[in-house]
S.K.: 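Handing you a structure now.
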Amino acid sequence: MYPTFKTLLLLLLLLSHSITPTSATHHRHPLDPLTPSEISTVQRVISTSSLASLKPLTFHYVGLDDPDKPAVLAWLSNPTSAPFPPRRALAIIRAARQTREVVVDLARGTIARDRAHIGHGNPMLTLEEQTAACALPMKYGPFIASVRARGLKMERVVCEGFSVGWFGEKEERRSLKILCFYAEGTVNFFMRPIEGVTVVVDLDEMVITGYRDRVVVPLPKAGGTDYRTMKPKTKEKHSGVRKGFIVEGHMISPHRRPVMYRGFISELFVPYMDTAKEWYYRTFFDEGEYGIGLYASPLVPTKDCPANAGFFDGYYAGQSGRPVKVERVFCVFERYAGDVSWRHTETGIPNRVFTEVRPEVTLVVRMVSTVGNYDYIIDWEFMHSGSIKVKVGLTGILEVKATPYTHADQTTGDDIHGTLLAENTIGVYHDHFITYHLDLDVDGPENSFVVSKMETMRVARAYPRKSYWTVVRETVKTELDARVLLGRAGPADLVVVNPNKRTAVGNQVGYRLIPEGGRGTSLLSDDDYPQIRVAYSKNEVWVTAYNASEKWVGGLYAYQSQGDDNLAVWSLR
């Protein structure tokens with residue numbers, strides 16, 4: 001199941017460029033992420049194989065190669081006698097400028113599979129190549145001349161890498177556009193873009209292949225943009241896990257009834273609406289191009305997470321394939337905000353009053369991913385009722401455009417593609433579409449998707465009442481029919497049921513999908529190149545049969561993808 005939700009500037013986890021939390025010395029679950037030692041094994045096996053001769057060799061993704069689901073379920077049903085599924089790792093590498101998928105058998109220390117990627121798209125960017133590309137303009141004569149012509153100091157210039165998207169090009173050169181900002185007078189450099197200047201870098205050659213200084217626009221003022229409220233403090237100490245929950249390896253107070261096999265953010269698409277030459281391509285895949293896990297930020301105790309939180313470090317594979325540590329990448333805590341889970345006061349018995357109140361105490365697992373200017377605060381919240389909430393808090397810095405305008409009266413409304421926030425500063429219209437992969441196993445893997453609609457019924461005979469509503473349930477038969485556009489057919493419940501399990505009175509067992517907030521579908525035209533790449537964003541819920549290879553709705557190779565390998569295509573197969 002793939003529900004997609006959207007808000008304009010506020011939105012909604014889990015992770016991907018595989019972040020590995022540490023705590024266990026041995027594996028307690030087949031889906032435990034790779035340990036630092038296993039990441040090192042992957043690096044050693046590949047770097048000492050024949051692939052090592054294919055220079056340059058870079059690692060773009062290293063994560064668990066999911067074991068077969070039936071083997072995992074067999075082990076979970078009988079962990080004392082069923083065999084533990086074999087541990088394998090998937091590495092996506094670039095070798096001699098070709099993308100390859102390499103599966104490593106971790107127990108044997110050998111390559112189990114190696115195949116070249118044939119098709120469109122490229123793997124996600126590495127931090128190292130972005131850093132190298134952003135350093136190139138600092139020594140590039142035309143760029144230095146442009147900075148000086150604007151009366152700016154080179155030492156205060158900061159550059160960032162921007163994915164290029166795809167707009168019908170036949171050639172698939174891996175490239176990155178570099179845009180620069182001015183940090184004089186503020187650390188909030190995103191609010192001071194050097195508008196009109198674009199640098200294009202070939203990532204494989206690591207050279208500048210394109211440069212344009214199209215227009216000079218007044219630099220937004222630094223005053224009032226510094227978000228720091230106090231000077232940085234020394235590193236704070238943080239307490240360990242409180243005893244409100246139990247941690248065993250990577251498992252937290254495990255329950256005994258299956259609901260969901262896996263859940264994670266599959267893609268996060270952020271298209272901007274400005275069509276200028278410096279803006280039209282800003283249609284970011286924050287997951288597939290950059291990596292939500294790769295950009296995970298260390299959490300600040302008592303600020304990002306409350307005092308009763310426990311913290312976990314994590315690791316990812318750097319460009320060299322070696323493990324890189326991220327401190328306090330996850331936190332876990334019990335939340336009580338004064339809410340009531342259930343209550344009732346009974347006064348019907350003469351001379352007696354009975355009151356029962358149960359507080360709403362939930363378990364929260366949190367991480368923060370800072371992808372460029374935005375910080376995504378990602379929560380999975382587990383409730384005593386059995387409900388699971390997934391939500392995101394979107395904070396950080398707006399991505400703004402410099403403009404000559406200093407007052408709203410100077411604009412015509414259709415030429416700025418956003419809102420004038422301050423003098424010379426436009427907040428450009430954009431969306432955040434987040435798509436979750438939810439593999440629900442409600443009381444087992446045999447599940448069906450049911451749409452329950454509320455319909456008005458007329459009373460045929462002469463009664464005081466003329467109408468009532470009732471629930472009409474329909475079990476969806478095909479993937480095409482399972483595409484849901486919320487609100488299109490009036491009020492409806494979306495329910496995943498286990499048709500083979502019944503309650504004591506014969507009702508089906510199921511879980512409801514309850515979207516919060518407004519509807520979230522794309523308004524881009526179907527023939528627009530960004531929309532072709534995310535055709536699935538025209539519907540908010542997709543339900544597909546289980547397929548282990550269909551995890552990333554924007555495609556495994558989302559960078560410069562062309563829309564021929566995504567969720568919308570899978571549903572037509």
S.K.: Which pair of non-hydrogen atoms, one from Met124 and one from His60, has the smallest distance, and what is that distance?
M.R.: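 So the two residues come closest at O-ND1, 2.9 Å.
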S.K.: For the side chain of Lys477 and the backbone of Thr475, is there at least one donor-acceptor N/O pair under 3.5 Å apart?
M.R.: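 Flag set: sc Lys477 to bb Thr475 pair under 3.5 Å.
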S.K.: Quick one, Asp286 and Tyr295 - any side-chain contact, counting heavy atoms below 4.5 Å?
M.R.: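 No, every pair of side-chain atoms sits at 4.5 Å or beyond.
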S.K.: Quick test of your reading of the model: are Arg533 and Glu289 salt-bridged, counting only N-O distances below 4.0 Å?
M.R.: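 Looking at Glu289 together with Arg533, the answer is yes, because their closest N to O distance falls below 4.0 Å.
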S.K.: Do Glu38 and Val104 touch side chain to side chain, with heavy atoms closer than 4.5 Å?
M.R.: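 A side-chain contact under 4.5 Å is absent here.
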S.K.: Out of the candidates Arg88, Arg115, Arg94, only one should pair with Glu101 under the salt bridge (Lys or Arg N to Asp or Glu O under 4.0 Å) rule; please name it.
M.R.: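 Option passing the salt bridge (Lys or Arg N to Asp or Glu O under 4.0 Å) with Glu101: Arg115.
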S.K.: I'd like to know if the side chain of Arg328 reaches the main chain of Leu299, judged simply by a donor and an acceptor atom lying under 3.5 Å from each other, with no hydrogens or angles considered.
M.R.: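 Such a contact is found between Arg328 side chain and Leu299 backbone.
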S.K.: Name the orientation class of the two ring planes belonging to Tyr374 and His432 (parallel below 30°, tilted from 30 to 60°, perpendicular beyond 60°).
M.R.: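 Rings of Tyr374 and His432: perpendicular, over 60°.
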S.K.: If we ignore hydrogens and angles and just use 3.5 Å, is the side chain of Arg483 paired with the main-chain N or O of Ala568 as donor and acceptor?
M.R.: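 Flag not set: sc Arg483 to bb Ala568 has no pair under 3.5 Å.
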S.K.: Is it the case that over 12 heavy atoms from other parts of the model lie below 6.0 angstrom from the CZ atom of Arg473?
M.R.: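 Not more than 12 within 6.0 Å, no.
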S.K.: Measure the shortest side-chain to side-chain distance between Val442 and Val497 over non-hydrogen atoms and say whether it is less than 4.5 angstrom.
M.R.: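 No, every pair of side-chain atoms sits at 4.5 Å or beyond.
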S.K.: Within a reach of under 6.0 Å around CZ of Arg108, are more than 12 heavy atoms found that belong to other residues, nucleotides or ligands?
M.R.: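 At most 12 heavy atoms, drawn from other residues, nucleotides or ligands, come within 6.0 Å of this atom.
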S.K.: Can you list every ring pair (Phe, Tyr, Trp, His ring centres under 6.0 Å) pair that touches residues 69-93, not counting sequence neighbours?
M.R.: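 Ring pair (Phe, Tyr, Trp, His ring centres under 6.0 Å) check on residues 69-93 returns Trp75-Phe84.
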S.K.: Under the 3.5 angstrom rule, does the side chain of His117 hit a backbone N or O of His120 as a donor-acceptor pair?
M.R.: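 A pair under 3.5 Å: yes.
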S.K.: Taking the side chain from Glu267 and the backbone from Glu287, do they hold a donor-acceptor pair closer than 3.5 Å?
M.R.: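 Yes, because the side chain of Glu267 sits within donor-acceptor range (under 3.5 Å) of the backbone of Glu287.
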S.K.: Listing request: all disulfide (SG to SG under 2.5 Å) pairs with a residue in residues 292-328, at least two apart in sequence or in separate chains.
M.R.: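 Of all non-adjacent pairs touching residues 292-328, those that pass disulfide (SG to SG under 2.5 Å) are Cys305-Cys331.
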S.K.: I'd like to check the side chain to side chain donor-acceptor pair (under 3.5 Å) partners of Thr362; sequence neighbours left out, ordered by chain and number.
M.R.: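 Listed in chain order: Glu381.
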S.K.: Give a yes or no on whether a salt bridge exists between Arg173 and Asp202, defined as a side-chain N under 4.0 angstrom from a carboxylate O.
M.R.: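 Yes, charged N to carboxylate O under 4.0 Å.
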S.K.: Mind checking side chain to side chain donor-acceptor pair (under 3.5 Å) for Thr544 and listing every partner two or more places apart, or none if nothing turns up?
M.R.: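 Checked Thr544 against side chain to side chain donor-acceptor pair (under 3.5 Å); zero matches.
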S.K.: Run through Asp565, Asp66, Asp65 and flag the one making a salt bridge (Lys or Arg N to Asp or Glu O under 4.0 Å) with Lys551.
M.R.: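 Only one option passes, and that is Asp66.
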S.K.: Spell out, as yes or no, whether a donor-acceptor pair under 3.5 Å connects the side chain of Arg262 to the backbone of His437.
M.R.: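 The answer is no, because no donor-acceptor pair under 3.5 Å joins these two groups.
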S.K.: Do you see a donor-acceptor pair shorter than 3.5 Å between the side chains of Ser385 and Ser387?
M.R.: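 Note: Ser385 and Ser387 side chains meet the donor-acceptor criterion.
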S.K.: Restricting to ring pair (Phe, Tyr, Trp, His ring centres under 6.0 Å), what partner residues turn up for Phe449, sequence neighbours left out?
M.R.: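 Result, ring pair (Phe, Tyr, Trp, His ring centres under 6.0 Å) vs Phe449: none returned.
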S.K.: Mark yes or no: Arg282 above the aromatic ring of Phe162, with NZ or CZ under 6.0 Å from the six-membered ring centre and no more than 45 degrees from the axis.
M.R.: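 The answer is yes, since Arg282 meets both limits relative to Phe162.
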S.K.: In terms of side-chain heavy atoms, does Ser522 have a donor or acceptor partner in Gln531 at a distance below 3.5 Å?
M.R.: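 Distance-only check passes for Ser522 and Gln531.
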S.K.: Checking Ser53 now: which residues fulfil side chain to side chain donor-acceptor pair (under 3.5 Å) with it, not counting sequence neighbours?
M.R.: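 Partners of Ser53 under the side chain to side chain donor-acceptor pair (under 3.5 Å) test: none.
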